[in-house]
Number of protein chains: 4
Amino acid sequence: MFVLVNLKTYPCDPVAVAEAVRDVDETTDARLAVAPAATHIERVAETGAETWAQHVDPIDHGSNTGHALAEHVADAGAVGTLVNHSERRLKLADIDGTVRAAQRADLETIVCANNPAQIGAAAALGPYAVAVEPPELIGTGTPVSQADPDVVEDAVAAAADVDPDVSVLCGAGISTGDDVVAAGDLGAGGVLLASGVAKADDPKAALEDLVAPL
Amino acid sequence: MFVLVNLKTYPCDPVAVAEAVRDVDETTDARLAVAPAATHIERVAETGAETWAQHVDPIDHGSNTGHALAEHVADAGAVGTLVNHSERRLKLADIDGTVRAAQRADLETIVCANNPAQIGAAAALGPYAVAVEPPELIGTGTPVSQADPDVVEDAVAAAADVDPDVSVLCGAGISTGDDVVAAGDLGAGGVLLASGVAKADDPKAALEDLVAPL
Amino acid sequence: MFVLVNLKTYPCDPVAVAEAVRDVDETTDARLAVAPAATHIERVAETGAETWAQHVDPIDHGSNTGHALAEHVADAGAVGTLVNHSERRLKLADIDGTVRAAQRADLETIVCANNPAQIGAAAALGPYAVAVEPPELIGTGTPVSQADPDVVEDAVAAAADVDPDVSVLCGAGISTGDDVVAAGDLGAGGVLLASGVAKADDPKAALEDLVAPL
Amino acid sequence: MFVLVNLKTYPCDPVAVAEAVRDVDETTDARLAVAPAATHIERVAETGAETWAQHVDPIDHGSNTGHALAEHVADAGAVGTLVNHSERRLKLADIDGTVRAAQRADLETIVCANNPAQIGAAAALGPYAVAVEPPELIGTGTPVSQADPDVVEDAVAAAADVDPDVSVLCGAGISTGDDVVAAGDLGAGGVLLASGVAKADDPKAALEDLVAPL
């Protein structure tokens, strides 16, 4: 299972969370990574934790003020980027352009989407993975696998229909190790986490609990 | 072949073009339709020409100022809508929402996209058809089938891979009847036209020339 | 006082509301108008009610699919347009472009904004009027003049500072004639209304109640 | 005069340009600063050069994936941020929100705009400065002061009308020291530069030439 901790713009210490990600990663078969804000990528990557960007723009070197360039993110130490997160929705043409820009800089991509139909669409763009985030579960604390297991199974089926090589992550409603196991049982290859780890008093303990049942 | 004439915001008489579309439609096996601006849908539909909207928003009845509601467009006489035209690009979630809104009001949808990868993505959303508009051909007068036939064949293949029921239209670089025939030979089920008919001195003659070789 | 009834995409009969606006307008010194969806502008204008668009795009005749052209809206019978409504927020450059496009077609403009600072900014673009819509009051039923009278007075002062010729409307929290009077006492030159009239069982009676104290 | 070098996503060495900015700043009365991409702010600020962000989002700490938080940018060492650059146009409400977010983190703001009317609007939001970038001059190499001096004078007048404390920068068509002097003569308090310095073989020599006539 791939476990990606999205730090968003939470008031957390990104380096401390990254160190927890790095340390717990060494104790488990799961693959752990952390996605800090752009300004923190370099310092987070220096911890040795696997580092992802939260966003990259569909651009190349040139006249682009206030944009995130794939090469900048990669040079700072990131190995992948989230794309089209529910808090940063993109035009279809820009999701495609971002996946291309990321490939150019050897970044993996996880394209987020709302439902199985959009997951199929995202899979058609050839990303490393897709992540299903049902809007009705975001931020509720209800695990997707419990509230609406069909959406995960349908997303897995929709992605497999279009491109069986694309992994499907579960991107909302994950807070315990049992949720992670349940997501895997439904066919997910990983999970996106956020506040449960980033805002925990002890991020390392939170991560250890999450990977314990794996 | 399906031939849809997009009137954009050209300085043309939408009713005159619609009458030409209606009259030429009766003389050919091709299916002809016209897409006027929202303010003109009702008057255009009253001509008896098959009428499409240029855009519909992913909304329902409610507090939406300055939006195009599928039901309004359908009540005014439209039978379908363009979605995600290159001049009105949408977020992936909004393309999906628009296809759902259109289905709710019994409108057909043609989702436009730039390249085969995006065409596959668009097809995964379950529209009536998709239209490939390679940006490098838009407005050039060079027929897509001549400049870059691979893009049409690849788009047809990409859509068929995802959903064989989705028709693929050719959405740029069509100006003659031979272009329409060539698009059909590459697997396209129709074409999007714009200035060649809308800005013609004699729209009816322009349409007759286009459908003559069919 | 200027009273503009925004029909949004409410499930109402736009012609029936327009007839009520027209009839009540003849009985009062207030100026009444109605803003239907684009597809309904022509039929609403034919009632004789003063008709406004809900949105116009910053474009000219040309290659603009799915956009609202100022000339189309004016030809259909509208005399003005809302701009930057809270449900259709625009980029600063596009608000400016829309005000210019509207002027070109002899449409009046009401630019909406959230707070006094933005009202000052909107006034600097030279519209006919600005409308202050504090986000915390939209849709609450609490009259702005009662909940937060300072925001109206501050908006009036901010607009006057920049351009004393620009009228300030009160765009949220108006549902009774007393609210309209209170808005006027705070310096507003009019009000934007929506569901209170558009969704009323008897729109004419609702409008009569609103203008009765004027 | 304030001279801000915008590195955009040019293929330059941001630290080398920052060192040139720092060194030349010590030799002149002009105030020099550099605006790198978000991933480079920390390393650029460590050179001792005055560092600006290219963009900040109108957000607070919280659930905002892929956004630039004012506090992150300030903690990384930036003292200000560009807002609404022509390559990153924002909604009016978001320009206002960004100016507030920047104030919260003690960042100065320069709000860019196209023409005198928008400059007046930008000035009404209370930024540190505004920058006028006539679209017809961006990237042409023609100095704004020579091609269209009225636009600078009109922008200075429009800003002064609204808020005399807001400085006006000249944001397009500056490449020589004479251009900087001419901009100052028209009332500008500074200039935005980009490729002329960022892509120069010797950024330090380019900056020395620019400030020599001051």
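A, B, ... follow the sequence lines: proteins, then strands. Residue 1 opens every chain. All heavy atoms count here, side chains included; hydrogens, waters and symmetry mates do not.
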Task: The single option from N84(C), L82(C), T9(C) passing side-chain contact (heavy atoms from CB on, under 4.5 Å) against T65(B) - done: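 Among N84(C), L82(C), T9(C), the one that satisfies the side-chain contact (heavy atoms from CB on, under 4.5 Å) with T65(B) is L82(C).
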Open item on the list: For R88(C) versus H67(B), what's the shortest heavy-atom pair and its separation?
Closed with: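 Smallest heavy-atom distance, with atoms named: CD-CE1, 3.7 Å.
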TODO: Any chance you could lay out the side chain to side chain contact (heavy atoms under 4.5 Å, CB included) test for H72(B) and T39(C), step after step, and finish with the verdict?
DONE: CA-CA 7 Å; H72(B) 284 173; T39(C) 35; 3.5 Å; yes
Can you tell which part of [X] gets under 4.5 Å to a heavy atom of chain C, answering side chain, backbone, both or neither?
X: A38(B); answer: both
X: D57(B); answer: neither
X: N6(B); answer: side chain
X: I59(B); answer: side chain

Open item on the list: I'd like to verify something: which residue of E71(B), H85(B), K199(B) has the highest number of heavy-atom pairs under 4.5 Å with chain C?
Closed with: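 The candidate making the most pairs under 4.5 Å is H85(B).
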Open item on the list: I'd like to know which of H55(B), H61(B), R43(B) tops the heavy-atom pair count under 4.5 Å against chain C.
Closed with: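 Among H55(B), H61(B), R43(B), the one with the most close pairs to chain C is H61(B).
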Open item on the list: Using 0.5 Å steps for rounding, measure from the NZ atom of K8(C) to the CG atom of N64(B).
Closed with: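 Separation between the atoms: 8.5 Å.
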Task: Part of D60(C) within contact of chain B (heavy atom distance under 4.5 Å) - done: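 Looking at D60(C), just its backbone touches chain B.
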Open item on the list: Please identify, among A37(C), A53(C), S63(C), the residue contributing the most non-hydrogen atom pairs under 4.5 Å to chain B.
Closed with: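 The option with the most such pairs is S63(C).
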TODO: Against chain B, work out which of A76(C), A35(C), P11(C), P14(C) has the most heavy-atom pairs shorter than 4.5 Å and name it.
DONE: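 Of the options given, most contacts go to P11(C).
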